[in-house]
Amino acid sequence: MTVPLDEIDHPVLAKASEQFADKNGKHERIRSVETRCCSRSRCSDGAARVWLDADLPWLVAAGRREDGSVDDFYAALEADGRAVRARYNAEHSDGLKTATHTAHLLPAREDHVRYRAEAGVRFVRRLRATLLDLAHATLRDGREHTREFDTLTLGLQMCADDGHETYLAVRITGSVPPNLTVLILRNAPGCEAEGWFPEYALPKRDLLPADRRGPTSWTHARLPRYWTRSGSRPSVGAN
């Protein structure tokens, strides 16, 4: 499956995401299986089991609620847990004391790898959308526009020189690994990936306290002619 799990439109996923979004929220345990990893999430006639790994919830099982039926999600979950526990005790001398065993449902290494990969994809998408928003904003007024991320502040400013050529200046302040800087510059709209040059500060703006504390980097790149067509040239902040 190549679709990020948070983009799948399913009521059980939506309900579980909503229910476990609050870290301080109270969650009801599923008492028919061992207590170390069981919390309920209910939606209409659906139900799910969520395991809390530190502050990260994992939806590890889901099914339909059919009270009184052997096919009921909770009944099937308990039956499966008892069967797995029986097989485990038959193969191991140190048998389990719990009535059920559901460790096979917990996230494995490949699940954690996928989670990190999807988190990376979400960040890149957010970054690209942010760069477009900031570029559009600075294109309208020529001023620097910024956006805060977890470990950095990203600022963009569109400027025009005396020859009416336009360039985009980028400020990155905070703890930023080198590969993230490359990613930002490669996704800046209208700029060539290899066309960036260092700057000492953004024009028409005093240094901010965060700039002095650093680390802060400034770069700029020339923009193609379509950025400077009539009506698009910045009216503020031009050199």
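All of these numbers come straight from a predicted model, not from anything done at the bench.
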Measuring from atom NE2 of His101 to atom CZ of Arg82, what distance do you get when rounded to the nearest 0.5 angstrom?
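If we round to the nearest 0.5 Å, His101:NE2 and Arg82:CZ are 14.5 Å apart.
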
Should [X] and [Y] count as side-chain neighbours, where that means a heavy-atom distance under 4.5 Å?
| X | Y | result |
| --- | --- | --- |
| Leu168 | Gln157 | no |
| Phe73 | Glu78 | no |
| Val84 | Thr100 | no |
| Leu154 | Thr146 | no |
| His104 | Asp80 | yes |
| His136 | Met158 | no |
| Leu134 | Thr138 | no |
| Leu152 | Ser175 | no |

Which heavy atom of Ala135 sits nearest to which heavy atom of Leu156, and what is that distance?
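Closest heavy-atom pair between Ala135 and Leu156: N-CD2, 4.0 Å.
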
If I compare all heavy atoms of Asn89 with all of Gly95, which pair ends up nearest, and what's the gap?
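That closest heavy-atom pairing would be OD1-CA, 3.1 Å.
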
Let me check something: any side-chain donor-acceptor pairs from residues 117-129 under 3.5 Å, sequence neighbours excluded? List them with distances.
{"unit_1": "Glu118", "atom_1": "OE1", "unit_2": "Leu5", "atom_2": "N", "d": "3.3"}
{"unit_1": "Glu118", "atom_1": "OE2", "unit_2": "Leu5", "atom_2": "N", "d": "3.4"}
{"unit_1": "Glu118", "atom_1": "OE2", "unit_2": "Arg114", "atom_2": "NE", "d": "2.5"}
{"unit_1": "Glu118", "atom_1": "OE2", "unit_2": "Arg114", "atom_2": "NH2", "d": "2.9"}
{"unit_1": "Arg125", "atom_1": "NH1", "unit_2": "Glu7", "atom_2": "OE2", "d": "2.2"}
{"unit_1": "Arg126", "atom_1": "NH2", "unit_2": "Glu148", "atom_2": "O", "d": "3.4"}
{"unit_1": "Arg128", "atom_1": "NE", "unit_2": "Asn187", "atom_2": "OD1", "d": "2.8"}

Going by side-chain contact (heavy atoms from CB on, under 4.5 Å), name the residues that satisfy it together with Pro198, two or more places apart in sequence or in a different chain.
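With neighbours one apart ignored, the set is empty.
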
Between Leu77 and Leu105, is a side chain to side chain contact (heavy atoms under 4.5 Å, CB included) present by the stated rule, with each step listed?
CA-CA 10 Å; Leu77 183 65; Leu105 296 177; 3.8 Å; yes

State whether the side chain of Trp58 and the backbone N or O of Leu106 hold a donor-acceptor pair below 3.5 Å, judged by distance alone.
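A pair under 3.5 Å: no.
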
Same apolar cluster: Leu185 and Phe149, side chain cutoff 4.5 Å:
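Yes; tracing contacts between hydrophobic side chains, which count when under 4.5 Å, links both residues.
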
Just do the side chain to side chain contact (heavy atoms under 4.5 Å, CB included) check on Glu194 and Arg186 with the steps written out, would you?
CA-CA 8 Å; Glu194 307 301 328; Arg186 284 187 177 275; 3.4 Å; yes

Take a 6.0 Å sphere around CG of Asp150 and say whether it holds more than 12 heavy atoms from other residues, nucleotides or ligands.
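Count not over threshold, so no.
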
Quick one: salt bridge (charged side-chain N to carboxylate O under 4.0 Å, His left out) pairs with a partner in residues 167-183, sequence neighbours left out?
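Matches after skipping sequence neighbours: Glu144-Arg171, Arg171-Asp211.
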
